[in-house]
Amino acid sequence: MSQVTSPGAELRALPAGSYVRIADLRHGSSTAKRSALSHAVRSGDLVRLHAGLYFKGERTRFGMTRPRLEDIAFAVLGTSGTGPAEYSAARYLGLTTQVPKAVHVATVGHPPDSLVKGVEVHTRRNRARLDLNRSEIAVLEVLRDPGNFVERGWAALVDAVRSRISDGDVRIDRLRTAADSEHSRATHANAGRLLADIGVA
């Protein structure tokens with residue numbers, strides 16, 4: 001197997017489904033890395049998703065495949081403290097059939113000045129969310145206004161969260177801690193009700 005010694009060779013060796021930034025490349029100068037990325041985009045071996053973020057998809061006769069909008073948002077924003085918001089959160093939990101016009105994502109802290117078209121970012125101040133996974137953030141987001149986001153009513157929300165707790169996808173201790181630190185009074189109150197109805201309050 002030939003040794004990878006240039007940024008271009010590194011890019012060619014990447015498996016399909018890889019995200020890449022200039023900092024991910026280990027070989028060559030900054031100029032060589034930028035040149036290799038630009039060449040790969042021009043030749044159709046990479047697609048540029050956002051400032052400084054590229055993706056290597058599968059080559060098809062229609063062009064290179066791209067990741068879903070929500071996956072691009074998480075790649076840009078990072079996974080710590082980031083998860084689906086509003087109707088996107090309800091869809092993620094299987095609580096609505098409505099398809100929002102944009103992908104809604106909640107994140108802790110200040111997002112970049114620009115993001116991918118079709119993604120709306122909601123900034124949250126609760127740093128306890130940094131310890132949560134996507135499902136736990138989705139639950140908190142739905143609890144901001146369950147009457148609006150949950151299509152089949154409160155009981156459906158209770159069942160969905162209970163199922164994810166059983167699967168290990170929602171951790172009660174972390175969800176409770178984050179809910180106690182939420183700035184939204186509605187979220188705090190609804191979380192208490194939810195945990196009581198599940199039987200873990």
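- At a threshold of 4.0 Å, the pair D173-R176 does not count as salt-bridged, since none of the basic side-chain nitrogens sits closer than that to a carboxylate oxygen.
- Considering all non-hydrogen atoms of both residues, E141 and A89 come closest at CB-CB, 3.9 Å.
- Between D169 and R134 there is no salt bridge, since none of the side-chain N atoms of the basic residue sits less than 4.0 Å from a carboxylate O of the acidic one.
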| task | May I have the step-by-step check of side-chain contact (heavy atoms from CB on, under 4.5 Å) for V158 and W154, ending in yes or no? | result | CA-CA 6 Å; V158 173; W154 181 262; 3.3 Å; yes
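- Under the 4.5 Å side-chain contact rule for hydrophobic residues, V76 and V41 do not share a cluster.
- To the nearest 0.5 angstrom, E86 atom CD is 4.0 Å from H122 atom NE2.
- A side-chain N or O of Y87 and one of N148 form a donor-acceptor pair less than 3.5 Å apart.
- The minimum heavy-atom distance linking L157 with P146 is given by the pair CD2-CB, 4.2 Å.
- Ion pairing between a basic and an acidic side chain is recognised when a charged N comes within 4.0 Å of a carboxylate O; R164 and D167 show no such pairing.
- The heavy-atom pair separating L95 from A160 by the smallest distance is CD2-CB, 3.8 Å.
- Both L49 and V121 are assigned to one and the same hydrophobic cluster, defined by single-linkage of ILVMFWY side chains at heavy-atom distances under 4.5 Å.
- Nearest heavy atoms, T187 versus L140: CG2-O, 3.6 Å.
- Both L77 and I72 are members of a single hydrophobic cluster when ILVMFWY side chains are connected at heavy-atom separations under 4.5 Å.
- Put simply, the side chain of D180 reaches to within 4.5 Å of the side chain of H188, judged on heavy atoms.
- A distance-only check finds a donor-acceptor pair linking the side chain of T82 to the backbone of G78 [under 3.5 Å].
- Linking ILVMFWY residues whenever their side-chain heavy atoms come closer than 4.5 Å, directly or via other members, leaves F149 and V161 in distinct clusters.
- Checking side-chain atoms of K33 against main-chain N and O of L25 turns up a donor-acceptor pair under 3.5 Å.
- No hydrogens or angles considered: nothing links the side chains of R91 and T96 as a donor-acceptor pair under 3.5 Å.
- With no hydrogens or angles considered, no side-chain donor-acceptor pair links E70 and S88 at under 3.5 Å.
- In this structure, the separation between CG on N190 and CG on L194 is 8.5 Å, given to the nearest 0.5 Å.
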| field | Derivation and outcome, side-chain contact (heavy atoms from CB on, under 4.5 Å), residues I172 and L195 | value | CA-CA 8 Å; I172 284 297; L195 296 178; 3.7 Å; yes
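- Using a distance-only test at 3.5 Å, with no hydrogens or angles considered, no donor-acceptor pair links the side chain of D159 to the main chain of A156.
- Partner E182 forms a salt bridge (charged side-chain N to carboxylate O under 4.0 Å, His left out) with one of R125, R124, R129 and no other, that one being R129.
- When side chains are defined from C-beta on, T97 counts as touching E151, because their heavy atoms get closer than 4.5 Å.
- Using modelled atom types, one side-chain atom of S18 and one backbone atom of P15 make a donor-acceptor pair closer than 3.5 Å.
- Between N133 atom CG and S80 atom OG the span is 11.5 Å, to the nearest 0.5 Å.
- The backbone N or O of A178 lies less than 3.5 Å from a partner atom in the side chain of N126, making a donor-acceptor pair.
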| task | For I22 and R34, run side-chain contact (heavy atoms from CB on, under 4.5 Å): C-alpha distance rounded to whole Å, both residues' side-chain angles, the deciding distance at 0.1 Å, then the answer. | result | CA-CA 7 Å; I22 190 170; R34 285 193 292 270; 3.3 Å; yes
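- The two residues G153 and V150 have their closest heavy-atom pair at O-CG1, 3.2 Å.
- Counting non-hydrogen atoms of other residues, nucleotides and ligands closer than 6.0 Å to NE2 of H110 gives a total of 12 or fewer.
- The two residues L11 and A36 have their closest heavy-atom pair at CD1-O, 3.6 Å.
- F74 CZ to T107 OG1: the interatomic distance, rounded to the nearest 0.5 Å, is 9.0 Å.
- No single ILVMFWY cluster, assembled from side-chain heavy atoms under 4.5 Å apart, contains both L37 and V47.
- With salt bridges taken as basic N to acidic carboxylate O contacts below 4.0 Å, one links E136 and R171.
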| said: If you apply the rule side-chain contact (heavy atoms from CB on, under 4.5 Å), what do you find for D71 with Y19, and how did you get there? | reply: CA-CA 10 Å; D71 292 331; Y19 293 92; 3.5 Å; yes
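- The structure places NE2 of H104 at 11.5 Å from CG of L69, a figure rounded to the nearest 0.5 Å.
- Between E10 and R26, some side-chain heavy-atom pair lies under the 4.5 Å cut-off.
- Once rounded to the nearest 0.5 Å, the distance linking CG of L46 with OG of S38 reads 10.0 Å.
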